Amino acid sequence: MRLSRYFLPILKETPKEAEIVSHRLMLRAGMIRQQSAGIYSWLPLGLRVLRKIERIVEEEQARAGAIQMLMPTLQSADLWRESGRYDAYGKEMLRIQDRHERDMLYGPTNEEMITDIFRSYVRSYKDLPLNLYHIQWKFRDEVRPRFGVMRGREFLMKDAYSFDIDQEKAVESYNRMFVAYLRTYKRMGLTAIPMRAETGPIGGDLSHEFIVLAETGESAVFCHADYLTKDVPGEDLDFNSDLTPIVKDWTSHYAATEDVVDMAEFEGTVPEEKRISARGIEVGQTFYFGTKYSEPMGAKVATSEGTEVPVHMGSYGVGVSRLLGAIIEANHDDEGIIWPASVAPFHVGLINLKPGDELSDGACEALYAKLEAAGIEVLYDDTDTRAGAKFATMDLIGLPFQVVAGPRGLKDGVLEVKDRRTGEKELLSPEATFDKLKAALTV
RNA sequence: CGGGGCAUAGCGCAGCCUGGUAGCGCAUCUGGUUUGGGACCAGAGGGUCGCAAGUUCGAAUCUUGCUGCCCCGACCA
């Protein structure tokens, strides 16, 4: 992408409404624009990152056997009356009426709807296990939206729903999602720790919150330091195998948020030098809630004995839009964002220091074409502005690598390659530059 | 929902106390000089001062109501 033809509205000054660093940087980098309290437009750069995150989530859901679909944002109140949550949910649910004065709502979650879909089609244990998910916009009318996309009212969420014949099988489904989450966050460059969770208004027995440690996290968390270095299963993992040992390992040490923490247990089971008490951001949650919805809504399946039982369910959320904030909170410095390559809006920022100069233009065009042909995404700054402004912009938007091309270096046949994270700069020939980037960015 | 604050040009702000029809920096546009870490000079454009009512000869400024947004708390992915 040529910057001269792109839409990247950078802000030099920080808008006053932004308090925390991820919100500030997202506004300054031209990723989002607030349209109303807790409701944002996604500008081109922000949308690219959002899509990258979705892609990783989709790949890992598929690996774990979940099947993607799409449910609407607007729902009929009738389904929610069946589960009893229409009255229970409170003011966080945005209620609206259509022209026939029928009660509708903008979905804050989809348990009722997926249960309705399930009961309409599935009758037999032979069709289980089943895990259906979608990635869709949700709305929760928070009393006080804040922190940009971290706590918006409208947010993009992946929610998966598992269906099993009994509790034992449901736990297997739960474990598959649990392990998928470990992999999902890892691929985004995050260390997410599964912590004991309150089951909240959704209800249930077995539940974990996946927490990313960050100074600006919304809640205090307490955990064992070994979680920070624990291995995450690789791509070769067979999701049809018994995942219990992995889940067991990842839940073997103490980890809890302030809502449920038992300080005596924390201090009793974690040696002092291994105790971490920090702040964290919740980026996902897994629940097993049994027959909480299937029972009242009549979602039953036939067992192998021919009897009918309510299906056992679980739900598994990932805060997709919120992850942008979490990733930035965990990856930034004073100059701006530092994207992990897997979610970076572009891989490389190519800076032409002197557009119009034959040497600079030639070197940039050649490298630009070569990188793009190799599947590396390049934001090519071909604009006629000053060097300082170009560097500042690239640092702000945080692409993993910057390549600087100008007459001074090209006289000696070299480009400058900068690693955004370490700040290290190297002078390399165009060929060596390409080879280095290709090696660093191709998995 | 309780407490606090803000609303003046695209962004950040001053002016308000003590009424006299609006200003600064950045950004934008034009011309020139510059050009390897957010340039400089000269000029230009851009504002129903959030909305409505009231007081007054006169309101950005004083009064009342409304709306929007932000912060702290309670609540949540």
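All chains are named by letter (A, B, ...) in the order of the sequence lines, taking the proteins before the strands, and each is independently numbered beginning at 1. In this text the structure is predicted, and so the values were computed from the model without any measurement.
- Listed candidates were C26(B), C76(B), A74(B). Nearest to the side chain of Glu142(A) is C76(B).
- Heavy-atom minimum distance, Ser360(A) versus Leu410(A): CA-CD1, 3.5 Å.
- Remark: side-chain polar atoms of Ser294(A) are paired, donor with acceptor, to backbone N or O of Val311(A) under 3.5 angstrom.
- Closest contact between the side chain of Asp395(A) and the listed nucleotides G37(B), G38(B), C75(B) involves G37(B).
- Using a 4.0 Å heavy-atom criterion, one finds that Leu11(A) contacts no nucleic acid atom at all.
- Comparing C70(B), C76(B), G12(B) by their nearest atom to the side chain of Glu218(A) picks out C76(B).
- The side chain of Lys418(A) has G37(B) as its nearest neighbour among G38(B), G37(B), A74(B).
- Stacking annotation: Phe155(A) is stacked on the base of A77(B) (ring centroids less than 5.5 angstrom apart, interplanar angle below 30 degrees).
- Put simply, the side chain of Arg151(A) and the base of C75(B) share a donor and an acceptor less than 3.5 Å apart.
- Arg28(A) comes within 4.0 angstrom of a nucleotide base, judged by non-hydrogen atoms across all strands.
- Using cut-offs of 30° and 60° on the angle between ring planes, the pair Tyr174(A) and Phe178(A) is tilted.
- Between Arg386(A) and A39(B) there is a side-chain N or O to OP1 or OP2 distance below 4.0 Å.
- At a threshold of 4.0 angstrom between heavy atoms, the contacts of Gly317(A) with the nucleic acid are absent.
- Defined by atom type and a distance below 3.5 Å, a donor-acceptor pair is present between the side-chain atoms of Tyr316(A) and Ser162(A).
- Remark: Thr14(A) is not in phosphate contact with G12(B), judged by side-chain N or O atoms under 4.0 Å from OP1 or OP2.
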